[in-house]
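Before any comments, here is the structure.
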Amino acid sequence: MYEHKERDKYWQDKWEAEKLYATPENPDATKKKYILDMFPYPSGAGLHVGHPEGYTATDIISRQMRMLGFDVLHPMGWDAFGLPAENYAIKMGVHPQESTAQNINRFREQIKSLGLSYDWSKEVNTSDPEYYKWTQWIFLKLYEKGLAYKKEASVNWCPKDQTVLANEQVIDGACDRCGTQVTQKKLSQWFFKITDYADRLLADMEVLDWPDSIKHMQKNWIGRSEGARIKFYVQDSDQQIEVFTTRPDTLFGATYMVLAPEHNLVAEITTDEQKEKINTYLEASKKKSELERTALEKDKTGEFTGSFAINPATEQPIPIWIADYVLATYGTGAIMAVPAHDERDYQFAVKYDLAVKQVIKTPIDYKEEVFTGEGQLINSGEYTNLDASEARSHITADFGRAQVQYKLRDWLVSRQRYWGAPIPIIYCERCGMIPVPESDLPVKLPTDVDFKPTGESPLVYSNDFHNVVCPKCGSHAKRDSDTMDTFVDSSWYFLRFTDPQNDKVFASQDQISKWMPVDMYQGGAEHAILHLLYARFFTKALSDLGCLPKEAFVNGEPFTKLRNQGLILGLNGERMSKSKGNVVNPDEVVAEFGADSFRMYEMFMGPLEDAKPWNTQGIVGVRRFLDRVFKFQENFVEGQGNANIHKLIKKISSDIQDMKFNTAVAAFMEFLNENQSMDNQTWETYLKLLAPFAPHITEDLWAKLGHDQSIHKEAWPIFDPSLVIDSEVTMVVQIMGKTRGSFKVALGVTQEEVKTKVMSDELIKKHLEGKEIVKEIFIPDKLINFVLKSEE
RNA sequence: GCCUAGGUGGCGGAACUGGCAUACGCAUGGGACUUAAAAUCCCAGGCCCGCAAGGGAUUGAGGGUUCGAUUCCCUCCCUAGGCACCA
């Protein structure tokens with residue numbers, strides 16, 4: 001029996017001492033592979049069984065790549081700043097720096113116990129001043145070019161966590177960390193201008209080797225619509241209201257207008273008679289949460305302003321309403337309502353008895369009241385009879401201008417919490433807003449503050465930190481007291497990994513050129529939008545700012561290939577959670593079965609990207625298999641060379657390439673089941689193939705075979721294509737498409753030969769007795785099928 | 001409501017380009033070894049009928065294309081994930 005407790009540790013220590021997985025200093029550009037896992041958030045709970053799933057997959061790939069002669073960068077680090085770490089520290093009554101360090105140590109030990117081949121000299125930690133110095137430096141670069149800006153805006157506020165949140169962090173109107181209903185607050189906050197990149201973030205995705213589902217999600221989040229902006233004059237006034245519409249072809253059907261309650265013309269155009277009603281409505285909608293305003297029952301409410309606008313096409317006055325079904329944050333915050341051809345406008349028109357005018361011909365068999373499809377125009381003056389798409393371009397040209405609109409909004413990055421990178425900006429009484437000079441970086445987090453959330457950043461309570469002199473004029477000044485969103489830290493860590501110890505720049509152009517882009521990126525699908533969108537934005541922006549070697553990237557994209565691992569569920573098929581009591585602790589599994597069994601079981605469970613339930617019984621099978629491997633060598637029976645090993649080389653190589661690790665494990669089992677003896681060379685080849693999956697036990701057996709050098713330094717076996725072609729194949733006999741038997745024939749036999757052979761078979765004869773064969777289907781080396789005359 | 005992925009034995013899952021459905025593993029039953037148990041090894045079945053040889057049914061449901069469909073097409077049901085008054 002393989003004594004995993006003792007041997008696993010022995011080999012892990014040896015590998016580390018010998019620096020077996022050190023990254024090559026000067027990788028060959030044509031033979032480099034940057035294989036990356038999304039770095040973990042070192043929570044207080046420690047590693048769960050979900051983490052090693054992706055880590056093992058990339059470890060197998062990294063190990064195989066090294067054996068194939070590639071120069072591999074495979075690093076690990078910690079996404080250590082942020083709200084959960086701070087909340088955990090508050091709960092434990094310690095400083096986040098202390099609890100984070102403890103959590104990292106625990107994570108590192110756990111990861112090391114799995115025998116993953118990371119180069120630990122590349123480790124990064126986002127809460128280290130040597131790291132966040134460069135986070136702040138990047139902030140200043142973005143600021144310099146106007147990509148970071150401060151503005152007063154209505155922002156998402158979590159009352160429990162006492163901080164603002166980005167749109168991407170609000171899920172169904174609730175905080176994605178604590179689930180509390182998010183409210184709106186008007187605050188002056190820092191934003192990154194990700195909207196400048198909306199078109200490129202959308203278009204550049206095409207060439208990426210990413211899961212389609214992730215691409216779709218990003219596409220929907222960016223939300224591109226083509227349409228027009230059209231201005232409407234307010235009757236008896238110089239004021240104009242501009243709207244965005246994707247259906248300018250329905251302009252003649254616009255029978256009223258709606259402004260968002262927050263629209264800046266509301267006060268001005270409200271007539272005296274309507275003032276009271278409008279104010280009541282404004283008050284009411286302000287109190288509504290985002291959730292109430294949007295989701296659930298979509299009962300629309302609104303109020304008439306008393307004013308009218310002129311429809312530029314019909315030149316008729318149409319009433320202007322306000323309603324909170326129109327969002328201030330999208331388009332111009334105002335719409336032209338076409339109730340005949342828009343569901344929402346129709347509902348509203350029916351409720352408030354507003355005119356409905358049809359301008360698109362409804363198909364004859366169409367039964368619904370609202371027709372939102374395309375068709376021929378009617379009731380539309382000179383445009384009548386045009387097709388909708390044609391009318392769209394004409395009406396846009398005649399009454400407005402074409403406009404592309406995105407749902408994506410700028411990224412709100414300020415946070416009113418302690419545990420994050422301070423924003424490197426100073427407010428001087430005389431000079432105004434001043435960026436911290438590069439030479440003064442990092443702006444270190446003060447330690448003399450009570451960091452509990454109060455709604456205001458705790459950093460204002462540190463006198464040394466908050467009150468400073470202006471770096472420009474020397475007058476009294478105050479530092480920005482907010483910290484940056486954790487997602488800022490993680491938007492560039494993959495660049496730092498190429499050159500983590502550099503104290504001159506965030507990473508040298510040379511190292512970035514050598515290693516970027518990431519060839520293989522593995523992580524959970526929960527980052528589909530947040531991290532992956534932000535990281536793409538950062539890479540593109542830094543590239544445009546001249547901070548990255550452009551030629552190293554295609555379209556400024558950081559991750560060429562992306563794959564997600566599915567969730568590992570509890571035994572009951574439900575998501576693992578403490579409250580459900582179905583959490584599996586990897587430490588216990590490793591202690592009982594060993595690292596190799598754990599790794600292989602996680603790969604064997606099913607396709608990497610699928611969600612699948614954990615079953616401790618299942619790991620028994622993998623452990624039994626590894627024991628058989630171990631015993632095979634102990635009781636080695638010298639046998640013949642086996643050409644089937646070439647089929648196995650082919651199978652394992654292609655399965656790793658396609659990341660079908662579950663079938664690779666099955667193939668290992670099958671091969672051993674079928675080969676009770678083999679020659680020495682076949683056995684060594686088998687061990688080499690197995691090495692990336694079970695690095696400890698194969699290393700142990702390799703040493704026992706008398707090799708001085710690690711098996712992980714061996715070259716990956718190459719298969720001989722001539723040896724994977726069978727001389728004999730199994731032919732299937734079907735009658736009327738039903739399989740009635742099978743037999744072995746030599747490769748390339750003719751139809752006649754097969755038929756003769758088949759006809760001598762008793763069972764087949766019985767089936768064909770007294771029937772007339774109408775047709776024979778013959779697929780060489782595969783099958784013969786007899787079609788019989790049907791009995792009537 | 002919209003978008004995406006999926007539905008195969010008691011369970012996790014496999015199946016190339018339309019060609020032996022259920023590989024591999026778990027669990028189950030039987031046997032070997034053992035004083036015994038565990039561990040290990042061997043064999044078997046998988047839904048229905050049959051002692052057996054064998055036959056029939058079967059990949060969420062229904063229909064279609066085909067000599068032949070888990071695979072392609074249509075309709076529907078269910079599950080998971082995402083988006084959700086975006087004009």
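These numbers come from the heavy atoms of this one structure, side chains and all, not from hydrogens, waters or symmetry mates.
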Please confirm whether any donor atom in the side chain of N220(A) sits under 3.5 Å from an acceptor in the base of C83(B), or the reverse. no
Expressed in whole Å, how much space separates the C1' atoms belonging to U28(B) and C49(B)? 22 Å
Kindly say whether the aromatic ring centers of Y601(A) and F593(A) come within a distance under 6.0 Å. no
May I ask you to decide if the ring planes of W614(A) and F598(A) are parallel, tilted or perpendicular, using 30° and 60° as cut-offs? tilted
Got a second to check how far T250(A)'s OG1 is from I395(A)'s CD1, nearest 0.5 Å? 8.0 Å
Interatomic distance at C1', G64(B) relative to A52(B), whole Å: 40 Å
For U59(B) and A15(B), measure between their C1' atoms and round to the nearest Å. 11 Å
Out of G13(B), C83(B), C67(B), which has the shortest distance to the side chain of P607(A)? G13(B)
Quantified in whole Å, what is the C1' atom distance between nucleotide U4(B) and nucleotide G10(B)? 31 Å
Look at the aromatic rings of W321(A) and Y352(A) and report parallel, tilted or perpendicular, splitting at 30° and 60°. tilted
Suppose we define a pair by two distances each less than 3.5 Å, Watson-Crick or G-U wobble; what does G29(B) pair with here? C43(B)
With heavy atoms under 4.0 Å as the rule, sort K775(A) into base, sugar-phosphate or nothing. sugar-phosphate
What's the CZ-P distance between F244(A) and C85(B), to the nearest Å? 16 Å
Any base atoms under 4.0 Å from R740(A), or only sugar-phosphate, or nothing? Heavy atoms, all strands. sugar-phosphate
For the pair Y686(A) and F668(A), name the ring-plane relationship: parallel under 30°, tilted 30 to 60°, perpendicular over 60°. perpendicular
Between A23(B) and C72(B), how far apart are the C1' atoms? Round to whole Å, please. 25 Å
Where protein sits on nucleotides 20-26 of chain B, one letter per nucleotide: B base, S sugar-phosphate only, - none, heavy atoms under 4.0 Å: BS-BBSS
Round to a whole Å and report the spacing from CD1 of I764(A) to C1' of G54(B). 13 Å
Rounded off to whole Å, could you give me the CE-to-P distance for the M257(A) and A87(B) pair? 16 Å
Between P of A14(B) and NZ of K612(A), the distance in whole Å: 10 Å
With rounding to whole Å, what would you report as the distance between C78(B) and U8(B) at their C1' atoms? 15 Å
Under the salt bridge (charged side-chain N to carboxylate O under 4.0 Å, His left out) test, which residues partner D627(A), sequence neighbours left out? R623(A)
Given G13(B), A87(B), G19(B), the nucleotide with the shortest approach to the side chain of D342(A): A87(B)
Return the value, rounded to whole Å, for the distance between atom CD of E526(A) and atom C1' of G81(B). 12 Å
OP1 or OP2 of A87(B) sitting under 4.0 Å from any side-chain N/O of Y325(A)? no
K738(A) near the nucleic acid: base, sugar-phosphate alone, or nothing, with a heavy-atom cut-off under 4.0 Å? sugar-phosphate
Do you know which of R563(A), Q565(A), K561(A) makes side chain to side chain donor-acceptor pair (under 3.5 Å) with Q522(A)? Q565(A)
Phosphate-side-chain proximity, K782(A) and G19(B), N/O vs OP1/OP2 below 4.0 Å: no
Between C16(B) and G30(B), how far apart are the two P atoms, rounded to whole Å? 37 Å
If we ignore angles and hydrogens, is there a donor and acceptor under 3.5 Å between the side chains of Q347(A) and Y325(A)? no
If you find the nucleotide of RNA chain B closest to W221(A) and the one closest to Y406(A), which residue's nucleotide is nearer the 5' end? W221(A)
Answer with base, sugar-phosphate or nothing: what part of the nucleic acid does K651(A) contact at a heavy-atom distance below 4.0 Å? nothing
Should G6(B) be called syn or anti, with syn set as within 90° of 0? anti
Distance col, row E374(A):CD vs T372(A):OG1, nearest 0.5 angstrom, shows 9.5 Å
Between C83(B) atom P and N167(A) atom CG, what is the distance in whole Å? 12 Å
Length of the line joining L567(A):CG and U79(B):P, which is rounded to integer Å: 19 Å
Would you kindly give the CZ-to-C1' distance between F625(A) and A39(B), to the nearest whole Å? 19 Å
Does A611(A) or H216(A) map to a spot on RNA chain B nearer the 5' end, using the closest nucleotide for each? H216(A)
G55(B) and C2(B), which share atom name C1', separated by this distance in whole Å: 49 Å
